[in-house]
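Working notes for the structure below.
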Amino acid sequence: MAKITTREKDYSQWYIDIVLNAKLADYAPVRGCMVIRPNGYAIWEKMHQALDGMFKETGHVNAYFPLFIPESFMKKEAEHVEGFSPECAVVTHGGGKELEEKLYVRPTSETIIWSMYKKWIQSYRDLPLLYNQWANVVRWEMRTRLFLRTTEFLWQEGHTAHETYDEAEVEALKMIRVYQKFAEEYMAVPVIVGKKSDSEKFAGALHTYCIEAMMQDNKALQAGTSHHLGQNFAKAFEVTYQDRTGQQQFVYATSWGVSTRLIGALIMAHSDDQGLVVPPKLAPTHVVIIPIFKSDEEKKAVCDAAYQIKSEISSQGFRVNVDDRDQFKPGWKFNEYELLGVPLRIEIGPRDLAAGVCTLARRDSGEKTTLPLTEVSSRISGLLDDIQSGLFLRAKARMESHIFNADTYAELEDIVKNEKGFSRSHWCGSPECEAKIKDATKATIRCIPLDEPDESGECVVCKKPSVKRVLFSKAY
RNA sequence: CGGGGUGUAGCGCAGCCUGGUUAGCGCGCCUGCCUUGGGAGCAGGAGGCCCCGAGUUCGAAUCUCGGCACCCCGACCA
């Protein structure tokens with residue numbers, strides 16, 4: 001079993017060590033691509049399941065659109081094509097022949113979806129259209145990192161069509177709040193909800209909302225986005241509807257997505273130098289039970305007790321695994337399951353059995369306690385809740401203590417250049433001032449927070465008036 | 001695309017400078033014994049186009065030239 005590089009020594013290597021050693025993913029034969037292994041995919045399945053439920057609750061339905069997009073579609077929306085063409089994979093041959101029209105492997109599906117919406121939307125009675133799809137997409141990035149940025153990744157993309165600007169706006173905001181809820185309640189990752197500056201928004205959107213999380217190296221990670229696309233795609237694909245007064249109108253659109261990048265966020269938010277830490281709500285296994293024994297008689301007695309506990313806990317809906325393999329010693333298993341991030345571990349050996357107790361260890365704190373066997377099953381639910389909320393509160397406290405109000409350029413520079421955290425600073429709104437900071441410090445405006453009050457001040461760069469503080473940070 | 005690094009057993013590496021037995025070591029794997037409360041021990045065993053291609057040489061993992069791949073760090077991006 002390999003040792004994990006400590007965060008202090010090399011944060012980037014620590015992350016890679018966690019991903020590889022916890023068997024979440026592995027490098028694939030193709031540059032920039034990865035294989036998501038069962039341990040990693042199980043987390044994605046949990047995310048998928050929870051998010052899908054939340055989408056259904058908000059009235060969305062799933063559909064599936066093709067992987068291949070005709071080149072002409074990509075070129076219909078000017079900003080969109082400009083934003084994406086450099087990172088697109090293009091198919092030029094099929095069936096042994098050169099294609100008449102090249103096919104783009106989808107980097108996102110707005111164009112192909114809106115080409116279909118044109119067929120399906122005629123009247124205001126057809127609206128709103130609230131579709132989502134779970135799919136893979138390809139973006140030919142120059143530099144890749146497991147989960148955080150790979151050439152191909154899995155995501156979901158919602159694509160909705162509405163009668164009015166206001167309706168689309170409500171939808172875009174609603175979905176960013178769904179993402180916030182998912183990040184905070186399921187991933188236990190606190191986020192800042194905000195709006196992107198023009199230079200950071202999606203190619204083809206009127207504006208973009210996002211959730212930004214802080215990683216343990218104090219850099220920002222965009223964990224989800226929701227775009228108000230206005231009538232841009234409706235105009236490009238001539239999607240009109242007859243409104244309630246009989247007039248033809250262009251449809252308003254939104255799109256929103258989260259990807260397997262969330263797994264990267266999860267890892268970097270909670271894990272430690274022992275390995276992965278997974279919040280109970282997304283943990284593929286909630287509890288692992290390690291029987292400890294020498295003789296066959298001991299093995300039988302201890303395993304009987306272990307399986308008894310397992311059945312009590314599983315019947316409450318928790319996922320439990322008994323590891324009774326005898327080729328590994330208990331100490332080895334302790335380390336193994338800590339590496340894998342299982343939230344709770346129960347150790348039970350002959351001494352415990354004699355005393356009618358077992359030992360229970362928490363992954364989040366490392367704390368070990370002794371519990372009567374009769375009480376174990378009734379304690380699990382509460383403990384898992386405690387771990388879930390504890391992880392969130394710990395991450396939230398950490399984030400809040402690393403956001404600083406910087407009122408001068410020098411302060412901002414110190415914070416972002418030295419990666420001390422986020423700098424909450426006044427900005428006049430001009431792209432020039434934004435670019436100056438980026439050029440000098442590599443930090444960008446992560447977002448203009450939605451939930452923070454207006455406050456008058458002066459731009460840290462040009463001293464012109466500002467109405468609100470925005471967040472600056474280096475980002476993944 | 002720049003900078004750096006690596007390619008030898010499943011994984012991690014040594015050997016290369018100074019060419020020459022049967023290419024080694026640790027971990028893992030298989031068999032057996034012994035062990036099991038924080039990564040045990042002993043014995044035996046399996047496993048190699050030494051990244052690819054040319055060259056130099058009696059002889060190349062090792063020297064020369066050319067290629068390829070991957071990783072890390074920077075510029076583009078979710």
Side-chain angles (χ1 to χ4, degrees), chain A residues 1-5 10-13 15-17 20-21 23 26-34 82-88 107-108 137-157 179 196 199-203 208 210-213 220-227 255-265 274-275 290-296 298-299 302 323-339 345-355 357-359 361 366 368 370 438-439 442 444 446 474-476:
Chain A
M1 191 57 53
K3 292 280 180 289
I4 290 172
T5 306
D10 185 343
Y11 189 83
S12 182
Q13 189 59 46
Y15 175 79
I16 293 162
D17 286 352
L20 297 179
N21 287 303
K23 300 186 174 68
D26 203 352
Y27 294 104
V30 180
R31 193 184 81 87
C33 292
M34 68 171 174
E82 194 186 327
F84 278 107
S85 59
E87 48 184 291
C88 283
T108 179
V137 286
V138 167
R139 295 182 190 177
W140 219 263
E141 303 290 351
M142 296 184 198
R143 185 148 126 58
T144 58
R145 278 162 75 88
L146 293 166
F147 287 116
L148 299 174
R149 180 167 298 106
T150 45
T151 298
E152 180 189 9
F153 56 95
L154 305 182
W155 78 345
Q156 68 49 228
E157 45 181 326
Y179 290 153
K196 286 293 184 191
S199 69
E200 296 281 328
K201 76 177 169 65
F202 176 73
T208 292
C210 62
I211 52 172
E212 294 285 329
L221 187 136
Q222 179 174 308
T225 52
S226 176
H227 317 289
S255 69
W256 29 272
V258 295
S259 71
T260 37
R261 169 179 250 208
L262 290 179
I263 296 173
Q274 264 61 255
I290 314 280
I292 298 159
F293 49 82
K294 291 190 179 119
S295 63
D296 283 352
E298 276 180 359
K299 179 174 180 179
V302 162
D323 187 346
D324 58 6
R325 293 178 295 175
D326 50 16
Q327 71 263 42
F328 298 112
K329 294 178 62 174
W332 188 92
K333 292 179 187 176
F334 298 165
N335 285 290
E336 177 73 359
Y337 289 101
E338 280 164 12
L339 173 61
R345 179 179 72 237
I346 295 174
E347 309 166 13
I348 178 159
R351 294 208 299 267
D352 296 306
L353 216 50
V357 300
C358 64
T359 303
K368 276 193 182 191
T370 303
K438 185 175 179 181
D439 291 345
K442 300 200 169 94
T444 50
R446 298 320 303 155
K474 285 193 194 172
Y476 276 95

Expressed as a whole number of Å, how far does the [atom1] atom of [N] sit from that of [M]?
| N | M | atom1 | answer |
| --- | --- | --- | --- |
| B:rA61 | B:rG53 | P | 12 Å |
| B:rG41 | B:rA54 | P | 46 Å |
| B:rA9 | B:rC51 | C1' | 15 Å |
| B:rG67 | B:rA14 | C1' | 27 Å |
| B:rC50 | B:rG44 | P | 28 Å |
| B:rG66 | B:rG24 | P | 33 Å |
| B:rC34 | B:rC42 | C1' | 8 Å |
| B:rG28 | B:rC11 | P | 16 Å |

[X] side chain, from C-beta outward: closest of [options]:
| X | options | value |
| --- | --- | --- |
| A:Glu87 | B:rG37, B:rC71, B:rC77 | B:rC77 |
| A:Ser259 | B:rA78, B:rG38, B:rC77 | B:rA78 |
| A:Trp332 | B:rC72, B:rA78, B:rG39 | B:rG39 |
| A:Glu336 | B:rC77, B:rC72, B:rG39 | B:rG39 |
| A:Asn335 | B:rG37, B:rC71, B:rG38 | B:rG38 |
| A:Glu141 | B:rG37, B:rC76, B:rG38 | B:rC76 |
| A:Ile292 | B:rG37, B:rG39, B:rA78 | B:rG37 |
| A:Phe293 | B:rU36, B:rC71, B:rG38 | B:rU36 |

- Is any side-chain heavy atom of A:Thr444 closer than 4.5 Å to a side-chain heavy atom of A:Arg446? yes
- For the residue pair A:Leu148 and A:Leu221, establish whether any side-chain heavy-atom pair is separated by less than 4.5 Å.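 They are in side-chain contact.
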Could you check how far [atom1] of [X] sits from [atom2] of [N], rounded to whole Å?
| X | N | atom1 | atom2 | answer |
| --- | --- | --- | --- | --- |
| A:Asp323 | B:rG38 | CG | P | 16 Å |
| A:Leu148 | B:rA78 | CG | P | 14 Å |
| A:Lys196 | B:rA78 | NZ | P | 8 Å |
| A:Gln222 | B:rC76 | CD | P | 15 Å |
| A:Gln156 | B:rA78 | CD | C1' | 12 Å |

- Query: Is the side chain of A:Tyr15 donor-acceptor paired with the backbone N or O of A:Leu146 at a distance under 3.5 Å, no angle test?
  - Reply: yes
OP1 or OP2 of [N] sitting under 4.0 Å from any side-chain N/O of [X]?
| X | N | answer |
| --- | --- | --- |
| A:Ser12 | B:rC72 | no |
| A:Lys329 | B:rG38 | no |
| A:Arg145 | B:rC73 | yes |
| A:Lys294 | B:rU35 | no |
| A:Tyr337 | B:rG39 | no |

- Query: So, does the side chain of A:Lys442 form a donor-acceptor pair with the base of B:rG74 at under 3.5 Å?
  - Reply: no
- Query: For the side chain of A:Glu338 and the base of B:rG39, is some donor closer than 3.5 Å to an acceptor across the two?
  - Reply: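 A donor-acceptor contact between them is absent.
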- Task: Please figure out whether A:Lys201 or A:Arg345 has its closest RNA chain B nucleotide nearer the 5' end.
- Result: A:Arg345
- Can you label the angle between the A:Phe328 ring and the A:Trp332 ring as parallel, tilted or perpendicular, going by 30° and 60°? parallel
- Message: Over 60° means perpendicular and under 30° means parallel, so tell me whether A:Phe202 and A:His227 are parallel, tilted or perpendicular.
- Response: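 Plane angle under 30°, so parallel.
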- Message: Would A:Arg345 and A:Phe334 count as a cation-pi pair here, with the cationic atom under 6.0 angstrom from the ring centre and within 45° of the axis?
- Response: yes
- Message: I'd like to know if A:Lys196 pairs up with A:Glu212 as an ion pair, taking the criterion as any Lys NZ or Arg NE/NH1/NH2 lying under 4.0 Å from an Asp or Glu carboxylate oxygen.
- Response: yes
